[in-house]
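A short worksheet on the structure shown next.
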2 protein chains.
Amino acid sequence: MKVRQLTFRLLQVYADVVRTGSITATANRLHLTQPTVSQQLKRLREIVGEPIVRQEDSRVVPTEVGQALYQLSQDLLSRADVFSQYLDEYNRGGRGHFSIGLVNTAQYVLPRLLGPFSQANPQVDVTVEIGNRQQMLNRFERHEDDLYVFSHPPSDDAVMAAPFLSNPLVVVGPENSRWASVKDLTMEALKEERFLLREPGSATRHTFDAWLYSSGVELRSTQQIASNEAIRLAVASGMGLAVLSRHVVADSPKGVQELPLQGFPLKSRWHFVVRRERRLPPAAYRFLSFVQGTLAQAFDEPEGEVAVAELLQALKDER
Amino acid sequence: MKVRQLTFRLLQVYADVVRTGSITATANRLHLTQPTVSQQLKRLREIVGEPIVRQEDSRVVPTEVGQALYQLSQDLLSRADVFSQYLDEYNRGGRGHFSIGLVNTAQYVLPRLLGPFSQANPQVDVTVEIGNRQQMLNRFERHEDDLYVFSHPPSDDAVMAAPFLSNPLVVVGPENSRWASVKDLTMEALKEERFLLREPGSATRHTFDAWLYSSGVELRSTQQIASNEAIRLAVASGMGLAVLSRHVVADSPKGVQELPLQGFPLKSRWHFVVRRERRLPPAAYRFLSFVQGTLAQAFDEPEGEVAVAELLQALKDER
DNA sequence: TATAGTCATAGATGATTATCTATGGTGTAA
DNA sequence: TTACACCATAGATAATCATCTATGACTATA
């Protein structure tokens, strides 16, 4: 058999001829003329190298080889069809894979979006990458993920970003800290405190540094710790104060409490970030849609909802 | 996905590209130029309606959809390949089906050929049709079977026949018949005996009638019985004499014995009969080959072997 | 024996395909 | 930076394909 010349069209036509037992009938059903179908059969026979049908009592019946070919046709066509359905489902975003890169702090909130999404879309496979701002920027530069969450989107023309959730940075101290009840607490008062800081690459550190700089404060004593969780524990055990995303604290506030420092919480927002030129996997698009539908009620972030809606629209227009 | 435009060739090329991870490499392996392969990929992408590969670190890697398409390709191609192997096996005659029409008497011998053949070719499915000469002629006229066994082939230009086995007709009487020991027994002496005859459509009857006519004998008393077996039993129980194929008697000679009538046994031969225009199924061809290889030793019929060999040659030439 | 239905074949034509050569872009390695 | 390897695109061409209309052969039925 000359496999390379075999076409699915031929198999379709052939299968229909076997089913109807009539060349003319198939021609009508497929909106072709009778000679066309005759010729298709002829060509298929040549490809197979063997007679596949014969005339019998005004019906066209498959030969023994034709029988086998019919089964093959059914089989192949249905497999192709399954694939086609898969494609549709993939394009609808209900199936497939995407990867999302999260800046460290975001890992405290994103699960609340990803969890329900996965539940609703079990066929979608999500890879979550986590790192500090700098690491995520590297991944971003290398196009390693489909979607990112930054609090400060990289400044790149090729970037589209939607601020979707507020990320207030607060100062925390140990439970029962003497500062907790101070009125009009200022940085000046905390000058002598040791501050436990995230590493320089992190967004939290960056934001805090910027605030310190703009308010002309210089810290006396600092210590660098690379993990939000470690910082929270260190604060709880009295090693010092820290600036953390409120989400970090809200998640499991044991042993620490927010301090009412003036000017705090520092406002910042998480952004969904995608590259303009990258074709977003339909599943990622579906995730964004899902998030958009959730933000207003579940997170009380109507602005975020609008921003995501705009991003979705922009992505649609890109295509 | 535009299934109708899908070609196995495209899948072959695509699968190879995925395997090698290189368009150029595939081009070389398939004896094509690089642009050709590039274009095939492009066309396949258009058929699928979705990017299927992307460049990555000087390698061509499939996208998520491409992965699924690759699996599909493998699947479809291997199925087509299995069919192709089936075709080969079919053409070799080691697989498939044929039907053979036997004249009644032949059913006593053919199993000795069909049995070993089936054993050696378990994938071949044989349909055996049995009837008297007239019934077989009807089937023959209607092209109902692939192969026939007649003692007297139909006289038809479109027929090819090979006498392959002698079929001696003998006169039988009951065991201990008084005629058994008579020397120079002639028909004249048996004039008064009742003869149990096969029905007119049968070959045995036909041959016997012809002999009677040519030797000018007329039987006094006859009875017609449509089955060899029934006749044998009737003879055994003393109802009369009969003319039967020696094979019928040889098979289970209980209660009957051959009588030494002059001029007997009447010589006749079984013929394999095929229609010239009918394409013989490879399995039937293989059966004839098998028979040809068996006749000389197992049946001591060297002439039959030659005749079948000639038939096979003629069939080969027909194609 | 006409008639209608079913196929096969021939001949024509526009569209598509397979394939090539030539060329240009891009990224990697010397 | 140059050279090389790899891929994409453009343009050309011959082959093949998908289709059609017209027509002829065969067969069953009125």
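All heavy atoms count here, side chains included; hydrogens, waters and symmetry mates do not. Protein chains get the first letters and strands the later ones, always in sequence-line order, with residue 1 at the start of each. Note that the structure is predicted; figures quoted are calculated from it, not measured.
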Each nucleotide of nucleotides 3-9 of chain C classed B (base within 4.0 Å of a protein heavy atom), S (only sugar-phosphate) or -, in 5' to 3' order, makes ---SBBB
Just so I know, are the side chains of B:L280 and B:F98 near enough to count as touching, which here means a heavy-atom distance under 4.5 Å? no
With a cut-off of less than 4.0 Å, is there a side-chain N or O of A:R43 near OP1 or OP2 of D:dT16? no
May I ask you to check whether B:Q34 and B:S38 show a side-chain donor-acceptor distance below 3.5 Å? yes
Would you say B:T36 places a side-chain N or O within less than 4.0 Å of OP1 or OP2 belonging to C:dA18? no
Rounding to an integer number of Å, can you tell me how far B:K2 NZ sits from C:dT17 C1'? 15 Å
Roughly how far apart are B:Q74 CD and B:L11 CG, rounded to 0.5 Å? 10.0 Å
Separation of D:dT19 P from A:L32 CG (nearest whole Å): 5 Å
Side-chain H-bond candidate by donor/acceptor type, A:R198 with A:N132, under 3.5 Å: no
Hey, does A:I100 have a side-chain heavy atom less than 4.5 Å from the side chain of A:F287? yes
Test side-chain hydrogen bond (donor to acceptor under 3.5 Å, both in side chains) applied to A:T20 - qualifying residues, sequence neighbours left out: A:T26
Integer-rounded Å distance: D:dC26 C1' and A:E56 CD: 16 Å
What is the distance from CD of A:Q5 to C1' of C:dT16, rounded to the nearest Å? 15 Å
Just how far, in rounded Å, is P of D:dT27 from NE2 of B:H143? 10 Å
Whole-Å gap separating P (C:dT17) and CZ (B:F8): 17 Å
Mind calculating the distance between CG (A:L30) and C1' (D:dT19) to the nearest angstrom? 13 Å
Would you say A:T33 reaches D:dC20's phosphate, i.e. side-chain N/O to OP1/OP2 under 4.0 Å? yes
Round to a whole Å and report the spacing from CG of B:L44 to P of D:dA8. 13 Å
Would you say D:dA18 has OP1 or OP2 under 4.0 Å from some side-chain N or O of A:R9? no
With a 3.5 Å cut-off and no angle check, do the side chains of B:D317 and B:Q313 form a donor-acceptor pair? yes
